[in-house]
Amino acid sequence: MKRTEIAEILRQPQVGTTVKVSGWVRSFRSNRFIALYDGSSFNTLQVVVDFEKFEEEFLKKIQFHACISVTGQLVESQGAGQSVELTAEGIELLGECSPDDYHLQPKNMTMEYLREKAHFRMRTQTFSAVFRIRHAVAYAVHKYFNDRGYYYMHTPIVTGSDAEGAGEMFRVTTLDLENLPRTESGEIDFKEDFFGKSTNLTVSGQLQGEIAAMALGKIYTFGPTFRAEQSYTTRHLAEFWMIEPEVAFFDIFDNMELAEDFVKFLIRHILDNYPDDPGLPRQAHQGRGKNMKQEDRRPMGLVDMLRFVVDNNFERITYTEAVDILRNSNTYKKGKFKFDVQWGKDLQSEHERYLVEKHFQKPVVVRDYPKSIKAFYMRENDGTEPGKETVAAMDILFPYIGEVIGGSQREERHSKLLERIHAQGIHEEELWWYLELRKFGGCPHAGFGLGFERMVLFITGMSNIRDVIAFPRAAGQAEF
RNA sequence: GCCCCCUUAGCUCAGUUGGUUAGAGCGCCGGACUGUUAAUCCGUAGGUCUUUGGUUCGAGUCCAAAAGGGGGCGCCA
């Protein structure tokens, strides 16, 4: 007999029919009621067992997270809590799960404990919900761009450029580390390496994305990204997924509009299509308050906060305005910021959090940052005071998770770009192709990067980014 | 890279100013019950207090180092 997924049974219960379901045991109550889930739904199907029909020894093996197949008749439930249930006629034990040495238990376990048991944590209600939502957000990303005529580009994972402008890179090599080939002058001879040159894992698909935008007009990338930073925070990973749209003829304002609309679409997609799933992460989200300092607690429930973000316009300010707001704040005047606020210095997390959580109490888009603190490819703004040059960069700051998007209008003027490449000590030969884009049929364009896991973190209300990716890679951590 | 915190039963935790035999809840195991919703009730077992070294008459408790974990900062998405 062919098995039916639990989601299908719950969606359109055919009372009176005989069905076969397969799944894992979430609980076995009263030696009579099995709560069975198979991943197709957030909900379980109640299987009713007449214990006199089965061997006692057999029923004892139906334990927490054991895997079984059940054949039986769907009937209307006599109990409260579910409308239909399955009367078990035959049960097949597919996989035992002895609680003696099994890692999980039907009780609250800490996120830290489950992180160490990543091969089982998706079986919990919280993590299965998180990964269903993760899927849904990924789907929404593609839907959003596809519906608007964007093309999905696959940019390379291995890059020969070490000037992508976004942090430390992981080296990719097939050289024998015990016996490195050397040039006459004693340096490592990368001509002997697999690609005939030094290569790394990508830190951004943006530069190649720009190539595509200069031909296809509107593109986006969505792929793995690698940064070898020693970041020990709840919002950094060494391997994460990033979405990077790049659009020809866009300026910084078009870019901000796209970013806001896009992010709201993602959240709305989850609110509209997954009304059940946010439930458990929401509990996690509110429960986390227990060990938190008062000032760090979230005042709103998760769904309320998601609605709030979707229903309000993001606040838009310039970097210069942000500095003014911060310097005029009571927090600043009382000397309560750890770091000084000064035009020309980058905003610190505490400053961003003040703007978002205290001052505006909604997502904030900050633009026009000082040229000196931003990447070489960002377009220099016209008409700024000498010494106060800015670039058309923008960051979108969210409550609790900070920067979720970073983007800019790109410098499309060849001479300006070359100037900045030189000023930052980058070898222009590295970027010859990037420079040529400005020489031959270039145009104004803009784009941004959205940290996928940060978005999922925000939407699920989880508190550590390592809990929204199945197998987190971070400094000192690559198990599973 | 810098700073802080944690490590006691399978899990989550308590353990007073250093003082006899280290406790609880849940889980496991055994039993009872059988229309339950993390079922309930009764009972049993379960600990080299992360490791190493030190202080002390005496260390789960104090000190130092190591290992593992968590958090903050920086870097950013």
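Lettering follows sequence order; numbering is per chain, from 1.
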Sequence neighbours left out, what passes side-chain contact (heavy atoms from CB on, under 4.5 Å) with [X]? Give chain and number order.
X        : result
A:Asn313 : A:Glu260, A:Lys264
A:His154 : A:Tyr152
A:Ala213 : A:Ile219, A:Glu246

Atom [atom1] of [X] to atom [atom2] of [N]: distance rounded to whole Å?
X        : N     : atom1 : atom2 : result
A:Glu52  : B:C33 : CD    : P     : 12 Å
A:Glu350 : B:C73 : CD    : P     : 9 Å
A:Glu116 : B:U50 : CD    : C1'   : 13 Å
A:Ile401 : B:C76 : CD1   : P     : 17 Å
A:Phe458 : B:A77 : CZ    : C1'   : 15 Å
A:Tyr400 : B:A77 : OH    : C1'   : 20 Å
A:Arg473 : B:C76 : CZ    : P     : 25 Å
A:His236 : B:G72 : NE2   : P     : 11 Å

Next on the checklist: Each nucleotide in nucleotides 34-44 of chain B should get exactly one letter: B, S or -. Can you fill that in based on protein heavy atoms under 4.0 Å?
Outcome noted: BBBBBB-----
Next on the checklist: Going by the rule side chain to side chain donor-acceptor pair (under 3.5 Å), which residues pair with A:Arg420 if we only count those two or more places apart in sequence or in a different chain?
Outcome noted: none
Checklist entry - Can you find a donor-acceptor pair, distance only, under 3.5 Å between A:His103 side chain and B:C11 base? => result no
Next on the checklist: Quiz question: going by heavy-atom distance under 3.5 Å, is there a donor-acceptor pair between the base of B:C75 and the side chain of A:Ser231?
Outcome noted: yes
Item to check | Pairing pattern in dot-bracket form [Watson-Crick, G-U; both distances under 3.5 Å; | = partner strand] for RNA chain B | outcome: (((((((..((((.....[...))))..((((.......))))......(((((..]....))))))))))))....
Checklist entry - Within the structure shown, what part of the strands sits under 4.0 Å from A:Tyr113 by heavy-atom distance: base, sugar-phosphate, or nothing? => result sugar-phosphate
Checklist entry - Counting any heavy atom closer than 4.0 Å, what does A:Leu104 reach on the DNA or RNA strands: base, sugar-phosphate only, or nothing? => result nothing
Item to check | Pairs touching residues 30-51 of chain A that satisfy salt bridge (Lys or Arg N to Asp or Glu O under 4.0 Å), sequence neighbours left out | outcome: A:Arg3-A:Asp38
Using the [atom1] atom on both, measure [N] against [M] and round to a whole Å.
N     : M     : atom1 : result
B:G18 : B:A59 : P     : 13 Å
B:C57 : B:G71 : C1'   : 40 Å
B:U7  : B:U44 : P     : 30 Å
B:C3  : B:U50 : C1'   : 23 Å
B:G10 : B:G47 : P     : 7 Å
B:C4  : B:A77 : P     : 29 Å
B:C62 : B:C73 : C1'   : 30 Å
B:G30 : B:G23 : C1'   : 23 Å

Checklist entry - Can you name the closest pair of heavy atoms from A:Ile401 and A:Arg454 and give their distance? => result CD1-O, 3.2 Å
Item to check | Nearest-nucleotide pick for A:Tyr232, side chain only, options being B:G1, B:U12, B:G69 | outcome: B:G1
Next on the checklist: Of the options B:A77, B:C75, B:G1, whose atoms approach the side-chain atoms of A:Phe240 most closely?
Outcome noted: B:A77
Checklist entry - Does any pair with a residue in residues 57-80 of chain A pass side chain to side chain donor-acceptor pair (under 3.5 Å), and if so which ones, sequence neighbours excluded? => result A:Ser22-A:Ser69, A:Tyr37-A:His65, A:His65-A:Tyr102, A:Ser77-A:Gln82, A:Ser77-A:Glu85
Between [X] and [Y] (judged by ring centroids, cut-off 6.0 Å), do the two rings come close enough to count as a pair?
X        : Y        : answer
A:Trp343 : A:Tyr319 : yes
A:His103 : A:Phe120 : yes
A:Phe222 : A:Phe452 : yes

Counting only side-chain nitrogens and oxygens, does [X] get under 4.0 Å of the OP1 or OP2 atom of [N]?
X        : N     : result
A:Ser349 : B:G72 : no
A:Thr233 : B:G72 : no
A:Arg235 : B:C75 : no

Show me the side-chain donor-acceptor pairs of residues 363-372 of chain A shorter than 3.5 Å, one per line, residues at least two apart or across chains.
from, atom 1, to, atom 2, distance (Å)
A:Asp368, OD1, A:Asn381, ND2, 3.1
A:Tyr369, OH, A:Asp395, OD2, 3.3
A:Lys371, NZ, A:Glu380, OE1, 3.1

